[in-house]
Protein chains: 2
Amino acid sequence: MTETKRNEIVDQVKKLYLEFGIKSVTMDDVAHKLGISKKTLYEHFTDKKQLVWSVLECLTNTPNSVLTANMPKNMNALEELLHYYSLQLEMIQNHKPGFIYDLKKYYPRFFEHFNKLKRTRFITQVRNNLIKGKAEGLFRSDLDEEIITRLTLMRMECIMTTDIFLDADISNIKIFNEIFRFHLFGIVSEKGRKLLEKNNDKFIA
Amino acid sequence: MTETKRNEIVDQVKKLYLEFGIKSVTMDDVAHKLGISKKTLYEHFTDKKQLVWSVLECLTNTPNSVLTANMPKNMNALEELLHYYSLQLEMIQNHKPGFIYDLKKYYPRFFEHFNKLKRTRFITQVRNNLIKGKAEGLFRSDLDEEIITRLTLMRMECIMTTDIFLDADISNIKIFNEIFRFHLFGIVSEKGRKLLEKNNDKFIA
DNA sequence: CAAAAACTTTTTATATGTAAATAGTTTATT
DNA sequence: AATAAACTATTTACATATAAAAAGTTTTTG
């Protein structure tokens with residue numbers, strides 16, 4: 001009945017959904033695994049839809065993820081970017097295709113809603129960083145924020161679905177580091193580049 | 001009966017397929033539009049499959065496209081890249097989603113075959129260019145050809161299908177120029193960068 | 001002989017039905 | 001009072017049927 005009980009259910013179900021997908025985790029499964037009866041389960045959630053929705057809400061509000069990151073105030077745009085990339089790497093590694101697949105198939109409205117939310121937040125983060133970097137003189141003054149932002153989002157979404165890297169047997173980490181460097185050099189100004197080189201160990205692992 | 005007659009049919013049908021897709025262009029349509037009878041048409045092609053195949057072959061062998069580009073010998077890696085990008089831009093603008101959609105749906109084997117071919121050629125071109133650029137000292141010596149090549153291919157494929165740019169109303173040309181610059185700066189070495197700056201008007205329009 | 005039309009066969013899209021799986025509800029049990 | 005089990009109602013997946021469209025063939029006509 002308590003709010004915490006509900007939250008705990010959501011938290012547990014989240015794990016199940018992420019591991020096995022949404023379809024194959026039945027309400028019976030949930031009840032069994034959590035050691036509660038379906039009756040109790042249905043006292044907290046009117047139907048499965050609501051449960052799925054709650055899990056999605058929970059996921060989007062995970063503190064300090066790519067989507068909710070609060071940057072420490074004293075960072076410059078390059079440091080922010082580094083921080084942001086580590087969150088992205090984490091996101092990619094936690095990414096479960098089966099979960100997304102089921103979501104798209106059985107709850108398309110939900111998928112669209114949360115995907116839009118994800119995009120909006122991502123775009124805001126990236127765009128702000130670009131603007132900041134330009135203001136600090138660390139990024140090229142001639143770059144088009146709108147385009148680069150969208151390219152970055154596109155790359156992020158594609159990298160999670162493409163089969164292009166499959167046959168090459170390259171680790172996500174290696175790919176991601178290469179992207180990071182490629183991205184960095186792609187946007188920095190001369191001043192930014194000098195700063196990069198000065199902190200070589202930090203940025204260009 | 002002549003080889004040229006056949007080629008002409010293929011050439012015309014190619015245009016029809018690219019404009020209207022494959023499914024909606026029936027064999028009757030083809031006969032009508034080309035002013036020939038189906039009987040004649042079926043004397044040149046045993047069935048529609050063969051016609052589709054011929055069109056695909058024709059497309060992949062278009063001289064001096066992205067897939068068949070022969071680089072002039074006296075170019076350095078940067079000039080090559082510039083040349084290659086203009087071919088890519090052309091490719092994107094000629095790209096017809098409806099055609100690809102039908103191909104994927106009704107001739108999945110064909111799609112796979114030609115897509116694989118496309119990827120192989122594309123990868124070869126890009127990789128060779130990267131290797132050349134490194135050898136010339138124009139590109140960063142630390143970049144990983146395999147990853148950057150695949151990233152480039154991925155970006156190319158994604159840009160043709162993504163909806164991320166739709167709401168922004170940015171022209172393909174603008175997007176492509178930005179990508180080109182982003183890409184250039186992402187891979188050049190200091191020497192390469194100096195060369196870029198010297199030829200600013202040529203590379204960074 | 002080649003185009004046009006008429007014709008047959010095959011493919012595609014759509015609809016319907018059915019069985020299995022799962023959601024959601026009620027009853028029994030501790 | 002909450003779980004477990006039994007039950008009903010939906011949903012989903014899969015199979016089959018049917019009609020329209022298009023492929024492919026034959027006949028007619030200029």
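As a basis for the values below, the full set of heavy atoms in this structure was taken, side chains included, without hydrogen atoms, waters or symmetry mates. First the proteins, then the strands, lettered A, B, ... as listed; each starts at 1.
Spacing between atom CG of A:Asp102 and atom C1' of C:dT22 amounts to 14 Å, rounded to whole angstrom units. The distance between atom CG of B:Leu41 and atom C1' of D:dT26, rounded to the nearest whole Å, is 16 Å. In this entry the distance linking CD1 of B:Ile36 with P of C:dA5 reads 15 Å, nearest Å. Taking atom CG of A:Leu51 as the reference point, atom P of C:dT22 lies 16 Å away to the nearest angstrom. Whole-Å rounding puts the B:Tyr42 OH to D:dG24 P distance at 4 Å. Summarising the geometry, the separation between CG on A:Asp28 and P on D:dA5 is reported as 11 Å, rounded to the nearest angstrom. Between B:Asp29 atom CG and C:dA5 atom P there is a gap of 15 Å when expressed in whole angstrom units. For A:Glu43 and D:dA4, the CD to C1' distance is 15 Å, given to the nearest whole Å.
Nearest-nucleotide mapping onto DNA chain C: of B:Ala31 and A:Met27, the residue sitting toward the 5' end is B:Ala31. Nearer to the 5' terminus of DNA chain D, by closest-nucleotide assignment, is the contact made by A:Lys23 (compared with the other of B:Lys48 and A:Lys23).
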>> Show, in sequence, the C-alpha distance, side-chain angles and deciding distance for B:Asn76 and B:Glu136, and conclude whether the side chain to side chain donor-acceptor pair (under 3.5 Å) test is met.
In response: CA-CA 8 Å; B:Asn76 66 39; B:Glu136 292 171 346; 5.6 Å; no

>> Could you go through A:Lys33 and A:Val25, starting from their C-alpha distance and side-chain angles, then the distance that decides it, and tell me whether this counts as side-chain contact (heavy atoms from CB on, under 4.5 Å)?
In response: CA-CA 10 Å; A:Lys33 295 261 181 176; A:Val25 175; over 6 Å; no

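Salt-bridge check for B:Asp163 with A:Arg119: passed, with a basic side-chain N closer than 4.0 Å to an acidic carboxylate O. Under a 4.0 Å N-O distance rule, the pair A:Arg150/A:Glu146 qualifies as a salt bridge. Ion pairing between a basic and an acidic side chain is recognised when a charged N comes within 4.0 Å of a carboxylate O; B:Lys49 and B:Asp47 show no such pairing.
Considering only the side chain of A:Lys38, C:dG24 comes nearest among C:dG24, D:dA23, D:dT3.
Among the protein residues, A:Lys105 comes within range of the sugar-phosphate backbone only, with heavy atoms under 4.0 Å from sugar or phosphate atoms but none that close to a base. Within 4.0 Å (heavy atoms only), A:Lys39 reaches at least one base atom of the nucleic acid.
Contact between the side-chain N/O atoms of A:Tyr106 and the OP1/OP2 oxygens of D:dA13 is found at a separation under 4.0 Å. A sub-4.0 Å separation between OP1 or OP2 of C:dA21 and a side-chain N or O of A:Thr26 is absent. In terms of phosphate contacts, A:Thr40 brings no side-chain nitrogen or oxygen within less than 4.0 Å of OP1 or OP2 of D:dA1.
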